[in-house]
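We count ligands from 1, going down the list as the structure has it; atoms in each ligand are counted the same way. Just so you know, these numbers use all the heavy atoms, side chains as well, and skip hydrogens, waters and symmetry mates.
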Amino acid sequence: MKKEFNHNKFKYEVVSPASPSSLELMYYKDYHNADGIYLGCNEAFAKFLNLPMEEIIGHTDIEILGESTGAIVQALDRELIAQKIAKKSQGWIRLQDGSSVLLSTSKSLIYNAAQEVIGLMGISINITDSYENEKKLKVREEELINSNNLLHTIINTVPVRIFWKDLDLNFLGCNELFANDARKKDESEIIGKSDYDLSWKNEAEIYRADDRSVLDSQIPKLFFEEPQTNSDGEEMWLRTSKIPLYDSENKLFGLLGMYENITHAKISANKLKESQQHLQAIIENEPECVKLVDPNGRLITMNPAGLAMLEAESLEVAQQQTLVNYMCKEWRTPFLELHQKVMQGLNASLVFKIKGLKGTSRWLETNAVPMRDADGDITALLGITRDITQRKKDEENIIYLANYDSLTQLPNRANLDTTLHNTLARAKRNTENFALMFLDIDNFKEINDNLGHDTGDKLLVEVSRCLTSILREEDTVARLGGDEFIILSPNTNANGAHEVAKKILKEIQNPRYIDDNTLSVTASIGIGIYPDDGEDKETLFKNADTAMYRSKREGRNNYSFFTKEMQISSKRNLELSHALRTALNNNELHLVYQPQISLHNQEVIGAETLLRWTHPEFGNISPAEFIPIAENNGLIIEIGEWVLRSATKQLQIWIDEGIKPFVVSVNLSAIQFRHANLPESISEILKENSLEAKYLELELTESVTAKDPHQAIEIINAINEIGVKISIDDFGTGYSNLSHLKKFKIYKLKIDQSFVQDIKDDQEDRAIVSAIINMSDALGLKTIAEGVETIEQLQYLRSQGCQEVQGYYFSKPLVAEDFISFIKKS
Ligand SMILES: Nc1nc2c(ncn2[C@@H]2O[C@@H]3COP(=O)(O)O[C@H]4[C@@H](O)[C@H](n5cnc6c(=O)[nH]c(N)nc65)O[C@@H]4COP(=O)(O)O[C@H]3[C@H]2O)c(=O)[nH]1
């Protein structure tokens with residue numbers, strides 16, 4: 001049977017006293033039977049469950065809280081009842097609306113008189129909110145701890161010294177690095193101390209002044225550099241920032257200071273600055289231009305030497321135009337190419353010409369390299385530029401000197417060679433003619449010798465001017481040296497050359513007033529025409545030269561074209577010249593002797609020695625042909641000596657053989673005559689052959705003595721001193737000066753055979769012969785006539801008082817044996 005529960009009483013006694021607290025949930029349940037029917041609860045409980053009282057009282061937990069929560073509550077209740085203990089517990093329960101609440105519950109058991117548990121009373125407090133608050137608080141606390149830890153870690157990890165001070169400038173805290181700098185264990189030894197208490201006492205006042213200024217102004221002072229002395233007395237450099245500190249109410253309570261030790265950086269920076277200054281000083285004083293040009297070709301900077309080259313008073317003035325505008329036009333593109341090359345990372349150099357702001361032109365040579373930033377990107381062109389104007393001038397001068405004749409400023413041989421080379425190439429290409437002329441001023445040596453080299457030089461300059469003015473622009477006049485000029489006339493045939501040569505001969509004769517002398521000169525010209533007279537440089541040169549000699553031979557003041565006949569003769573000349581070199585050794589030379597007869601008694605009084613050359617291939621070659629060749633190739637000295645030696649030797653042999661001594665005359669070439677040791681050589685030869693000097697006579701042509709009469713007198717005197725006689729050959733053909741003739745110690749004049757030949761018919765020749773004999777007589781000289789072939793000639797000569805003769809009339813030149821027979825016969 002169900003035991004009735006006096007719930008009204010219970011309600012009064014148990015629920016009421018607790019009811020003042022609206023937070024406490026009170027209830028009691030009947031557990032007389034096991035279902036735990038609610039017998040009562042307070043308003044708060046009903047409100048908590050959001051149920052009217054009548055839906056609670058008389059109902060079980062399963063009915064009120066639902067199957068699962070109700071069963072759990074009932075199980076807990078039953079556990080208490082079984083254990084017969086009251087219990088305070090906390091636990092979540094899930095309400096019918098799905099929400100969960102945390103209840104702090106105290107449950108007490110209700111006994112009947114028989115001490116049997118008949119019910120249970122519970123008081124619960126909904127602590128869900130306080131639990132949540134507590135949880136949030138805990139999270140915040142943890143966050144705070146974490147951020148504190150983080151801050152602490154940061155403060156002690158960053159490589160920056162950090163400290164903070166109060167308004168009295170005492171330390172409130174610091175990081176480990178700061179404590180370390182102050183040689184303290186940690187911040188505990190810093191807190192409360194001032195800068196005066198730390199190792200940087202000396203700087204304390206500076207720091208505090210900074211602190212005060214930050215606190216007074218409440219304006220942060222950032223990144224300033226200041227010194228510090230550490231406890232070891234070493235000076236350090238700091239980069240410091242100081243910031244005012246505010247509390248949560250925005251009230252200033254101190255300052256935060258941070259600094260980095262920048263001693264190393266400072267030293268490096270100082271060193272860098274120092275070396276930069278050093279470098280700057282070098283660049284400023286560098287005599288070469290140092291410049292930086294940006295990628296767009298604008299001048300970034302330039303040293304004074306560079307500004308001077310641009311004739312700019314300052315960098316700003318120089319920067320008013322882009323650098324390329326200073327270049328002379330033809331150098332702008334190469335300069336832009338150089339700039340581009342450097343901007344692509346290559347080194348480059350260039351020689352170019354600029355015009356400065358004041359108009360001065362300069363040659364410059366630049367070496368340019370790319371300048372890169374820390375990332376390796378090219379930011380500018382660095383150029384070192386030197387002024388090479390003088391070098392260029394020198395080079396031009398050298399090129400000029402190498403190509404132009406310094407006296408006349410005409411192209412020289414080297415220059416002519418190049419021009420000739422080009423003219424040849426063009427003429428070949430276009431099948432054109434051109435003329436090459438050799439021009440030699442007639443008797444220039446006499447002008448030089450008589451009027452002096454200065455006058456000679458001035459004359460050459462005048463002649464050069466004359467030639468240049470006559471010729472076309474495309475013609476070239478070159479001076480080869482001395483009085484030799486070359487005229488190169490492109491696109492000119494023989495007719496054209498003919499006109500040019502005529503014009504030159506006419507104009508060159510114009511009188512010129514030089515150094516108080518009025519000079520009128522003539523010239524001899526030789527002309528070669530391409531391609532007829534030579535298809536290459538050498539042949540043309542040679543042939544024009546040959547033609548020029550023809551002009552000379554033909555009396556000067558004229559021009560000659562090169563001819564086939566000259567070509568043959570020049571070929572033969574060349575061959576003979578070669579053959580002559582071996583003639584002596586091959587015994588191809590021998591002497592013949594032509595008797596000289598006294599008209600007084602018809603006796604042989606002498607012999608003229610004449611040279612003969614018999615070549616195995618060319619046969620007998622006339623001395624008139626080979627002597628000039630020997631003179632040209634220099635063999636005349638050797639051959640002349642051989643003649644002298646052989647003739648004197650032969651005479652001595654004859655004398656030794658008992659022949660009555662007579663005089664042998666030997667022809668002396670002009671070259672032999674002027675050879676330095678002629679007198680010594682004659683003495684030696686005479687000595688060698690033990691011949692008395694009086695038996696030797698030397699024949700000189702008139703021209704030999706005419707060339708340099710003063711020198712000729714000296715040589716003749718020296719020969720006379722040895723005792724050797726001298727006669728003048730071919731007299732009458734040259735330009736002998738009678739006054740000079742008197743001074744020469746000669747003893748005989750030889751009348752040239754050209755006068756003798758026509759004596760019979762030519763009145764003029766007769767007059768000349770007669771005049772020579774008379775003059776010779778007057779000067780106390782003997783006369784001999786050569787080339788006497790007829791009795792008429794002989795008679796005339798005798799009638800005029802000529803003393804000696806030689807010629808075919810008496811005998812041809814004879815070999816030694818025949819000559820001796822001739823003597824013996826006569
Ligand atoms: N028509 C004609 N000719 C006659 C007559 N009598 C002599 N002759 C030639 O006339 C030339 C005279 O010699 P030259 O006037 O000294 O002219 C010489 C002389 O200048 C030069 N010569 C010859 N031998 C020597 C030498 O050993 N040394 C040098 N330097 N010159 C030489 O060569 C020239 C020519 O010599 P050659 O041919 O031997 O010619 C010789 C001689 O053979 C004559 O009655 N009628």
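Short contacts between ligand 1 and V643, defined as distances under 4.0 Å to a heavy atom of the residue, involve ligand atoms 27 (O). For ligand 1, the atoms closer than 4.0 angstrom to any heavy atom of P813 are 43 (O).
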One pair to check against ring-ring contact (aromatic ring centres under 6.0 Å, His included): F810 and F822. What are the steps and the verdict?
CA-CA 10 Å; F810 295 100; F822 179 85; 8.0 Å; no
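In this model, a donor atom of one side chain and an acceptor atom of the other lie less than 3.5 Å apart for Q509 and N557.
The existence of a salt bridge linking K552 and D442 is confirmed by a sub-4.0 Å separation between a basic side-chain nitrogen and an acidic carboxylate oxygen.
An N or O contact shorter than 3.5 Å links E789 to ligand 1 by distance.
When the heavy-atom distances from atom 28 (N) of ligand 1 to N667, V788, I639 are ranked, the shortest goes to N667. Taking each of F673, F626, Y808, W613 in turn, the one with a heavy atom nearest to atom 5 (C) of ligand 1 proves to be Y808.
Applying the side chain to side chain contact (heavy atoms under 4.5 Å, CB included) criterion to E688, with sequence neighbours excluded, gives R645.
The nearest protein heavy atom to atom 24 (N) of ligand 1 is closer than 4.0 Å.
Looking at atom 6 (N) of ligand 1, its nearest protein heavy atom turns out to be Q594 NE2, 2.8 Å.
Annotation: side chain of I659 is in contact with side chain of K824 (closest heavy-atom distance under 4.5 Å).
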